[in-house]
Amino acid sequence: MTTDASAPWLIAGLGNPGPGYAGNRHNVGFMVADLLAERIGGSFKRHGKAQAQVVEGRIGAPGPAGRRVVLAKPMSYMNLSGGPVTALRDFYKVPTGNIVAVHDELDIDYGVLRLKLGGGDNGHNGLKSMTKAMGPDYHRVRFGIGRPPGRMPVADFVLKDFSSAERKELDYFVDRAADAVEALVIEGLERAQSTYNS
């Protein structure tokens, strides 16, 4: 799938709104989006037409050579992420191939990244909602959080904060995930995969 070089990219960090969820494993998409916003020197503001907070800017070379991006944090709760992302897609006229979902992934070890285009939702409610709203052909930056210990239910695990041991490395892993998003937008999927799908 080719992406339209002149069209903006929509990078949706998935999570749940509100301070009670801020440190949860399920909110790692928000953490990556916050770091990307910091890097481009923007701060999130509520969007007039979508239930989301957004930052507009450029990634890559300074000035017009950089890629236009819209960073988004849906404010709808995770399992309704598709509505705000679709509204932003339509507002900014973003082709589906220029949409990136940044999300937590249970089936990958903690801190490991996997970039891909399309595919299933693997039981992730944010992806399920996005795919239902716009089909599966968007990019994903999957941030591994590992499986719950023992018999802990998945829902409890993803809505818990990272452990103290995990937090020691969390900043590094979030930084690397933000690098991966930038590489995907600037260099394309294959090159970004060869660097980050290690």
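His103 and His124 have perpendicular rings, their planes meeting at more than 60° on a 0 to 90° scale where under 30° would count as parallel.
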(request) Start with the C-alpha distance between Val70 and Ile11, add both sets of side-chain angles, then the distance that settles side chain to side chain contact (heavy atoms under 4.5 Å, CB included), and finish with yes or no. (result) CA-CA 6 Å; Val70 179; Ile11 298 156; over 6 Å; no
(request) Verify side chain to side chain contact (heavy atoms under 4.5 Å, CB included) between Phe162 and Met31, making sure each step is shown before the conclusion. (result) CA-CA 12 Å; Phe162 286 99; Met31 296 173 197; 3.9 Å; yes
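A heavy-atom distance below 4.5 Å is not found between the side chains of His47 and Gln53. Val100 is listed as a side-chain neighbour of Leu184, based on a closest heavy-atom distance under 4.5 Å. The closest side-chain heavy-atom distance from Pro74 to Leu14 is below 4.5 Å. The shortest distance between side-chain heavy atoms of Ile145 and Val158 falls below 4.5 Å. The shortest distance between side-chain heavy atoms of His26 and Tyr21 does not fall below 4.5 Å. Taking 4.5 Å as the limit, every side-chain heavy atom of Asp175 sits out of range of all side-chain heavy atoms of Val32. For the pair Ile99/Trp9, no side-chain contact is recorded, criterion being any heavy-atom separation below 4.5 Å from C-beta on. The side-chain heavy atoms of Arg25 and Phe143, taken from C-beta on, include no pair separated by under 4.5 Å.
Heavy-atom minimum distance, Gly120 versus Leu127: O-CD1, 4.5 Å. A pairwise comparison of heavy atoms in Tyr196 and Ala183 identifies CE1-CB, 3.8 Å as the closest pair. When all heavy atoms of Ala192 and Ala180 are compared, the pair lying nearest together is CB-O, 4.4 Å. Residue Ala7 comes nearest to Asn98 through the heavy atom pair O-ND2, 3.4 Å, listed as atom of the first residue, atom of the second, then distance. Here the closest non-hydrogen pair linking Val94 and Pro8 is CG1-O, 3.5 Å. Across all their heavy atoms, Arg140 and Thr131 have their closest contact at NH2-OG1, 3.9 Å.
Rounded to the nearest 0.5 angstrom, Asn125 CG and Met130 CE are separated by 13.5 Å. Atom NE2 of residue His139 and atom CD of residue Gln193 lie 8.0 Å apart, to the nearest 0.5 angstrom. A distance of 10.5 Å separates CZ in Arg67 from CD1 in Ile59, rounded to the nearest 0.5 Å. For the atom pair OH (Tyr77) and CG (Asn16), the distance works out to 7.0 Å, reported to the nearest 0.5 Å. Separating the CG atom in Leu115 from the CG atom in Leu113 is a distance of 7.0 Å, to the nearest 0.5 Å. In this structure, Leu71 CG and Ile40 CD1 are separated by 4.5 Å, a value rounded to the nearest 0.5 Å.
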Could you go through residues 80-91 and list every donor-acceptor pair under 3.5 Å that involves a side-chain atom there, pairing it with any protein atom two or more places apart or in another chain?
| from | atom 1 | to | atom 2 | distance (Å) |
| --- | --- | --- | --- | --- |
| Ser81 | OG | Met78 | O | 2.6 |
| Thr86 | OG1 | Gly82 | O | 2.7 |

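A donor-acceptor pair is defined here as one N or O able to donate and one able to accept, closer than 3.5 Å; no such pair exists between the side chain of Glu38 and the backbone of Leu35.
Cluster partners of Met75 are Phe30, counting Ile, Leu, Val, Met, Phe, Trp and Tyr whose side-chain heavy atoms approach within less than 4.5 Å, directly or via other members.
Between Asp121 and Lys132, no side-chain nitrogen of the basic residue sits less than 4.0 Å from a carboxylate oxygen of the acidic one, so the salt-bridge criterion is not met.
For residues 94-111, the salt bridge (charged side-chain N to carboxylate O under 4.0 Å, His left out) pairs, not counting sequence neighbours, are Glu105-Arg142, Asp107-Arg147. Judged as a side-chain hydrogen bond (donor to acceptor under 3.5 Å, both in side chains), the pairs with a partner in residues 182-192 (not counting sequence neighbours) are, in order, Arg39-Glu182. Sorted by first and then second residue, the ring pair (Phe, Tyr, Trp, His ring centres under 6.0 Å) pairs with a member in residues 165-195 read Tyr110-Phe173; sequence neighbours excluded. Sorted pairs that involve residues 11-20 and meet salt bridge (charged side-chain N to carboxylate O under 4.0 Å, His left out), not counting sequence neighbours, are lacking altogether.
Annotation: Lys93, atom NZ; neighbour count of heavy atoms from other residues, nucleotides and ligands within 6.0 Å does not exceed 12.
Looking at Leu170, Asn27, Asn24 one by one, the single match for side chain to side chain contact (heavy atoms under 4.5 Å, CB included) with Asp161 turns out to be Asn24.
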